[in-house]
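For clarity, every value in this text was computed on a predicted model and none was experimentally measured.
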Amino acid sequence: MSAASTCILYTQDADLARRVKAFLRVNAVVRQVTDPDRFEAVLQQNSPAVVVMDLRAKECRDLLERLEQDWSESLVIALGTARSDPLREAEQSGIYAAEDLQLDRHRFQTLLGRAFSHLQLMQENRDLREQAKYGVPSEATRRVEPLLERASAASLPLLRFPRVFRRLDNVEGLLANIVEGLADAAGVTRVGIFSRIRQGDRYRLRAGLRCLPETNELEYRERDPLVRWFELHGHLVSRANLAYVATQNQRPLLRRALDAFGAEVIVPLYARGEIIGWLFFGHRITGLPFEYGDLEGLMILAEHVSTVLENALLYEEVTLQKTLAETLLKSIPPGIVAIDEEGLVHWFNPPAESVLGLDKTEVLHRSVESVGPKLATLLRETLEAKVNLPPRQWIDPNTRRFLSVEARRLLDNHTPLGAVAVIHDLTAEENLRQKQDLVDRAAFWTDLAASMSHEIRNPLVAIKTFAQLLPERFDDPEFRKNFNQIVVQEIDRLDKIITQINAFAHPAELKMQPLDIRTPLKRGLELARSKFQVNGGVAVETELPPNLPKVFGDEGALAEAVAHLVANAAEAVTEQKKPKITLSAKPIGQAGHASAVLVTVQDNGRGIAPEMRAKVFSPFCTTKARCMGLGLPIVKRTVFDHNGRVDIDTSTSGTAVSIALPATANSD
């Protein structure tokens, strides 16, 4: 496990910073510095480091000189304009590399890769020199020294720490109290808490006391080497014990973390078996190093902080979820009214206030009857119901709005919590529907008047003509005979027109009952032959199996609808050499359960013209010379009254009209 490579970029050019970060996003963490006064502080946190210097940046020359004098272990890569004097001077100063500002991605990545490898090799050489100079503590020394320290060291004054456990309703304030209490209890100059808010977030500084400004910019992912090291080892890190707790290749990672925080000790925080963050402590106020007893005390402090932080994060998560839920319920258009098991109102969102004309202060934490009798009755019934109740509609007495209300039980793992009503304001839709009804009604009467004037004028003309000729030709027996036949015929035609219009405008009241669908189908065939003069020469084949489920309907209305369909089919096949009409019925459903019966009347005519297909169900739409065009509209209305559906499939090879009627519940 190795530390993530860090590159310090000093520039005020935002575009250059963007390109460098894009080039190195996989290879390294780029820390941009724009203020020359903060440059050395950032370098202190990440030394030794690879430093990329923009030679155009202010005070760059002075910073290069300081780097050469005080930070010789860092590697400097200068970026400047090609063949410019600053770039040539930088090359001659002995820096690691000098490059053109117009960076080539591959070349730049290769250069930085070599620089990081060179920096790592220099670090390993320093570690080896330190071991050769001071020696490495033996295993016996590692076991004995902590025991001696434990016996002699004084523990931290932990009794002063509990005063930080204050109210939890302000998480940021709580964490600020914690770091103040930690600094007081541990007697240190600097304290900080890194944590994440929820799973998948990055670890960030949540609260700190006298922390370095750059610490606020640090972020760590879940799989960052430092986080993984804490997950694997689970103990604190201090500068004094690096030689004891870390292998040679792990020390740069931990030392760099200590430098980045400006810390002497880092203590991990655990909850629910995972790392939720860490504490870091700066120098002690006395300037003395941390001893064994001090470190043990810091671990005890960390355990307390872990508990408080876990609760704080849970509270923060709950608060966030609550805020999201409340915002959602306030923002959605439907009104929401929620009650508990006792019938007390616990939620009443702004749309509910609007549609019911009530203020939430009038209903919250009061009996559900305060929201109105109809809504209260529905919610009370929902509390007692074992199944979901169907939606209900009514006009609110206060606001005169047309409402659709759906109520549901509130359950948590089968534990009853209450009930909720979702209120939809359908006033606009209802007004639009009523306006559309007026438009449709006006169009109906306009079409009716036009059709009647056309249909009635022809018989009246014939009657008027014979009436005018009657005085002159009264003595002509042949005229009187024709007069009698034609006038009676035209009067019958007028009566038929009026009867059709009256039947369409005032349909008979339906008498619904369970039916064997074959009965109205056979009756419809006979009606088509007798009423609509479908002659016996048209072949009507029937496919009516005996196992059809029963439907709930009116026998007479269904028979008339079938008669209209058969009559239309007979009209469509009049010009065919081999006319054919098929009347069939079959059950439809799933998994062997019949949910409906599909009745189909099919012919082999020429089909319906494309310009007529969209309006075949409109009243008075017809291409026949002596027809009112009410057949298919009557069929559609009848099917609608039976909660069914009618579809038309037409082509040049024929037309099939299908009616789907729901089966009764006890059909099986």
Side-chain angles (χ1 to χ4, degrees), residues 429-430 432-452 455 496-515 517 519-528 530-532 534 550-572 583 585 596-603 608 612-624 627-650 655-664:
E429 290 84 347
E430 180 65 13
L432 182 62
R433 186 192 63 79
Q434 292 180 3
K435 291 179 180 178
Q436 186 62 43
D437 287 346
L438 291 176
V439 172
D440 292 344
R441 192 174 297 114
F444 169 82
W445 289 112
T446 300
D447 292 342
L448 177 63
S451 180
M452 287 186 64
E455 293 294 325
K496 182 179 178 181
I497 293 173
I498 295 174
T499 301
Q500 288 183 12
I501 295 174
N502 185 64
F504 181 76
H506 304 286
E509 183 178 354
L510 299 180
K511 297 179 180 180
M512 309 293 281
Q513 60 182 345
L515 292 174
I517 191 63
T519 301
L521 294 184
K522 294 176 181 178
R523 180 178 169 184
L525 283 176
E526 297 300 324
L527 188 61
S530 61
K531 184 176 181 180
F532 300 109
V534 175
K550 290 186 176 181
V551 299
F552 195 69
D554 181 282
E555 180 180 334
L558 291 175
E560 183 179 2
V562 172
H564 280 294
L565 294 180
V566 173
N568 286 346
E571 184 75 21
L583 173 62
V597 177
L598 186 67
V599 177
T600 303
V601 176
Q602 186 165 4
D603 63 63
I608 301 173
M612 298 291 294
R613 291 177 186 176
K615 50 186 179 180
V616 291
F617 289 113
S618 300
F620 317 114
C621 174
T622 181
T623 57
K624 303 172 186 177
C627 181
M628 291 288 291
L630 296 177
L632 284 179
I634 290 175
V635 172
K636 184 176 182 179
R637 185 184 62 197
T638 301
V639 174
F640 178 80
D641 291 340
H642 285 74
N643 298 316
R645 189 185 74 250
V646 58
D647 299 301
I648 293 181
D649 183 16
T650 184
T655 299
V657 182
S658 299
I659 298 174
L661 300 172
T664 58

Novice: Please step through side chain to side chain contact (heavy atoms under 4.5 Å, CB included) for the pair I659 and V635, ending with a clear verdict.
Specialist: CA-CA 9 Å; I659 298 174; V635 172; 4.2 Å; yes
Novice: Could you check L565, T655, N568 and say which one makes a side chain to side chain contact (heavy atoms under 4.5 Å, CB included) with D603?
Specialist: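 The single option meeting the side chain to side chain contact (heavy atoms under 4.5 Å, CB included) with D603 is T655.
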Novice: Under the side chain to side chain contact (heavy atoms under 4.5 Å, CB included) test against E555, which residue among E560, M512, R523 passes?
Specialist: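 Only match with E555 under side chain to side chain contact (heavy atoms under 4.5 Å, CB included): R523.
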Novice: Just verifying a value: how many Å separate Q513 CD and T664 OG1, rounded to the nearest 0.5 Å?
Specialist: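 Between atom CD of Q513 and atom OG1 of T664 there are 12.0 Å.
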Novice: Please give me the minimum heavy-atom distance between V646 and V639, naming the atom from each residue.
Specialist: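 Smallest interatomic distance, heavy atoms only, reads N-CG1, 4.1 Å.
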Novice: Could you state the interatomic distance from NZ (K636) to CG (D641), rounded to the nearest 0.5 Å?
Specialist: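 Output value for this atom pair is 12.0 Å.
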Novice: Specify the closest pair of heavy atoms between A557 and H642, including all atoms of both residues, with the distance to one decimal.
Specialist: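 So the minimum-distance heavy-atom pair works out to CB-CE1, 4.3 Å.
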Novice: Going by the side chain to side chain contact (heavy atoms under 4.5 Å, CB included) test, name the single residue among L515, V599, T519 that passes it with L558.
Specialist: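 Among L515, V599, T519, the one meeting side chain to side chain contact (heavy atoms under 4.5 Å, CB included) with L558 is L515.
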Novice: Closest approach of V597 and A585, non-hydrogen atoms and distance?
Specialist: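 Shortest heavy-atom contact: CG1-CB, 4.4 Å.
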Novice: Can you name the closest pair of heavy atoms from P662 and G644 and give their distance?
Specialist: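 Looking at all heavy atoms of both residues, the closest pair is CD-CA, 4.1 Å.
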